[in-house]
Number of protein chains: 2
Amino acid sequence: MATIYDVAAQAGVSIKTVSRVMNAEPNVRAETRERVHAAAASLNYHPNLSARSLAGSKSYLIAAFVDAKLTIEHWRNERGTDYLARIQLGATMPCREAGYHFLVELVDHNTAPMRQEVSNLLAALKPDGVILTPPITDNDIVLELLRGAGTPYVRLGPEQPDGGGLRLRMDDRAAARGMTDHLVALGHRRIGFIEGEQRYGSSHSRRDGFLESMAAHGLKSACMFVGDYTYQSGIEGGREMLSGNARPTAIFASNDDMALGCMAAAGELGLEIPRDVSIAGFDDSTGSRFSRPQLTTLRQPIVEMAALAACALIAGEVRPDCDEDAHFDFPSFTLVPRLSTARPGKV
Amino acid sequence: MATIYDVAAQAGVSIKTVSRVMNAEPNVRAETRERVHAAAASLNYHPNLSARSLAGSKSYLIAAFVDAKLTIEHWRNERGTDYLARIQLGATMPCREAGYHFLVELVDHNTAPMRQEVSNLLAALKPDGVILTPPITDNDIVLELLRGAGTPYVRLGPEQPDGGGLRLRMDDRAAARGMTDHLVALGHRRIGFIEGEQRYGSSHSRRDGFLESMAAHGLKSACMFVGDYTYQSGIEGGREMLSGNARPTAIFASNDDMALGCMAAAGELGLEIPRDVSIAGFDDSTGSRFSRPQLTTLRQPIVEMAALAACALIAGEVRPDCDEDAHFDFPSFTLVPRLSTARPGKV
DNA sequence: CTGAAAGCGCTTACAG
DNA sequence: CTGAAAGCGCTTACAG
């Protein structure tokens, strides 16, 4: 394989000049530049990443650190949980265009070897930037190691504001408000709400958004149920809300899995959706697209956030020590109206 | 960050000895080895991948080359096509255990810049092994470049036997035979078959397997329909087969998308599945798990094949020039019986 | 606008 | 069982 020396010899210049041309640096005569390009092309020369990384300050690597257990579970389940696929889609494109490589690294969240694992990743790979996904995005040890290594990082969907890095998250509260507004606009007045796992900040934000919208419309919530983001808890919530007398005409579950469970509960009770009750979810999961009827839900801008993260990291806009003003509530959630919501009492 | 020199100094040995210990090479006294380990641990030393790669013959990188257009489409569609997720699951685990890193590279199949793109990938990354997925797995230019670079490669689901590399594929014919046997065992005699895109070898293998089983049971196929692996063609095939008089009691579509289309056609015609007609697919796609009723299908051992591929590559068992005897029909397909098939004329 | 020298952090090939 | 030397293919820092 051709090296920088071969190209330099063929073009009749020094390797430094070849380096300048390959990196599109200034201060090379147009004619020289062309000669180098021609030599590189004829020799089919491509710079070696390891050498560039070792000699220089860039590795041309962007890594995503994802929770090992969760990710493996999702891959195994094959229920089409496509969070990671969306991250890959968003991050891969800008990386490719900039000559970077994107790789996914599994991290054993909250286990003994995690510190070693992450240290090794950082020292071995020396990535130019790291994208963190929940729950790693809030892991103090990982954040500390990242800062220690001086590696810029972007935190996707963080719960805690401390910990540095560029923080990118959807405005859960505004999104929940938006969905509630949608239900009210359809004519619903008695609306039930199923909360998620209380340990997650998103649960509280979504509930607050719901309550804000209800209050803004002068409505009292029909009923609240505390679930835990699982299908099973959605069934339970649905049963409780729908078996009473003054049952809500609409239920907003704060994630799709619970909404799907809720639909199952409605089916058990002989209720038809959306004729007897409208049901809305949150996440735009794969399952929401396969349910019958298809589920009205909220889509997080995962692809867009991952793309922004990669771009910011590549551009070097993320200082590893940025602590203030690096929080960005991504406004662009998308309400995805499908067939599980309609006007109350209507087919 | 600590380097090999720091460790050597602290342990009172040469860097060569540190290198030996870090790579678990023989010929180091147990006591020396321990001293080095202690020094490495106390300095939180982790070898730099770029330096290892540049100096040595290994990059500790395994790459999967996947079709850019197809992959982006799957990521975008979010219908839960989890082929790539299964590859990642299978390949990531052995890589992780062996200290390798796995990365996915998009390749613009059959476009002008492809040659440059792949050359660059090979020269820049110098991966120790490459896993190819369809349709890249049969791309002559990619195969030629791989051989030229001396990079070992594994071809997943190849259609053409030439092209070298370790070839791993499911025995489509045996699998189709297995599914047909299943339908016959349930009591079906008039069985329809929907073929896939004729340009793909898998279409022919699956059809042949079906016909073999039918012949072995002394049955004539009720009808054949040539589809193209799309949902739409499944609808068309279903309509044609199910609207006639002597309609089949079971239809075997050679992939899940067509089987799902076929189910939709049955629904249009007022037929209930599996009471009026049994329907079977092929792939165990995400959609097959979300359909109602859930689809009986065949599962390809993608995870297992990817794992085997990664292991073989890491172990250096794949010689880049292996041409004979490197073809392996993976026998372990799995028949996944679900609710869309039953005894004929039975609920 | 161009180049000579040094060095990044390791492994290889060899010597003892 | 251990180490000194050379070199992998680039970029950095500097000189001109």
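Note that the structure is predicted; figures quoted are calculated from it, not measured.
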Report summary line: Closest non-hydrogen atoms of A309(B) and V154(B), given as atom of the first, atom of the second and distance, are CB-CG1, 3.6 Å
Query - Test side chain to side chain contact (heavy atoms under 4.5 Å, CB included) applied to T137(B) - qualifying residues, sequence neighbours left out - result: L132(B), P134(B), R155(B), P158(B)
Report summary line: Symbol by symbol from the 5' end, with Watson-Crick or G-U pairs under 3.5 Å, [ ] crossing and | another strand, DNA chain D is |||.||||||||.|||
Requested in this report: Report yes or no: does D108(B) contribute a side-chain atom to a donor-acceptor pair with the main-chain N or O of T111(B) at less than 3.5 Å?
Outcome: no
Requested in this report: Give a yes or no answer on whether the side chain of S19(A) reaches the backbone of I15(A) with a donor-acceptor pair at less than 3.5 Å.
Outcome: no
Query raised in the report: When you list every nucleotide of DNA chain C with an atom under 4.0 Å from a heavy atom of chain B, which one comes first 5' to 3', and which comes last?
Result: dG9(C) to dA13(C)
Report task. Begin from the C-alpha positions of L103(A) and F102(B) and carry the test side chain to side chain contact (heavy atoms under 4.5 Å, CB included) through to its verdict. Result -> CA-CA 7 Å; L103(A) 69 182; F102(B) 176 69; over 6 Å; no
Report summary line: In numerical order, the residues of residues 1-12 of chain B whose heavy atoms come under 4.0 Å of DNA chain D are none
Query raised in the report: Considering only heavy atoms, which members of residues 44-60 of chain B lie under 4.0 Å from some atom of DNA chain D?
Result: L54(B), A55(B)
Query raised in the report: Salt bridge or not for E117(B) and R96(A), using N-O below 4.0 Å?
Result: yes
Query raised in the report: Quick one: on DNA chain D, does V18(A) or R20(B) contact a more 5' nucleotide (nearest heavy atom)?
Result: R20(B)
Report summary line: Between K126(B) and R29(B), whichever has its closest DNA chain D nucleotide further toward 5' is R29(B)
**Report entry** Reference residue V118(B); test side chain to side chain contact (heavy atoms under 4.5 Å, CB included); the match among V107(B), L146(B), N139(B), V130(B)
**Finding:** V107(B)
Query raised in the report: Going through the distances and angles, do R29(A) and E34(A) end up as a salt bridge (charged side-chain N to carboxylate O under 4.0 Å, His left out)?
Result: CA-CA 9 Å; R29(A) 260 196 312 171; E34(A) 253 174 55; over 6 Å; no
Requested in this report: Begin from the C-alpha positions of R33(B) and E25(B) and carry the test salt bridge (charged side-chain N to carboxylate O under 4.0 Å, His left out) through to its verdict.
Outcome: CA-CA 10 Å; R33(B) 185 177 298 277; E25(B) 286 171 20; over 6 Å; no
Report task. List the steps, then state whether salt bridge (charged side-chain N to carboxylate O under 4.0 Å, His left out) holds for R86(B) with E304(B). Result -> CA-CA 9 Å; R86(B) 291 193 203 177; E304(B) 293 78 1; over 6 Å; no
Query raised in the report: Are L156(A) and I87(A) side-chain neighbours, meaning at least one heavy-atom pair lies under 4.5 Å?
Result: yes
**Report entry** salt bridge (charged side-chain N to carboxylate O under 4.0 Å, His left out) involving R35(B) - partner list, sequence neighbours excluded
**Finding:** E31(B)
Requested in this report: List the steps, then state whether side chain to side chain donor-acceptor pair (under 3.5 Å) holds for S59(A) with S53(A).
Outcome: CA-CA 4 Å; S59(A) 67; S53(A) 175; 5.1 Å; no
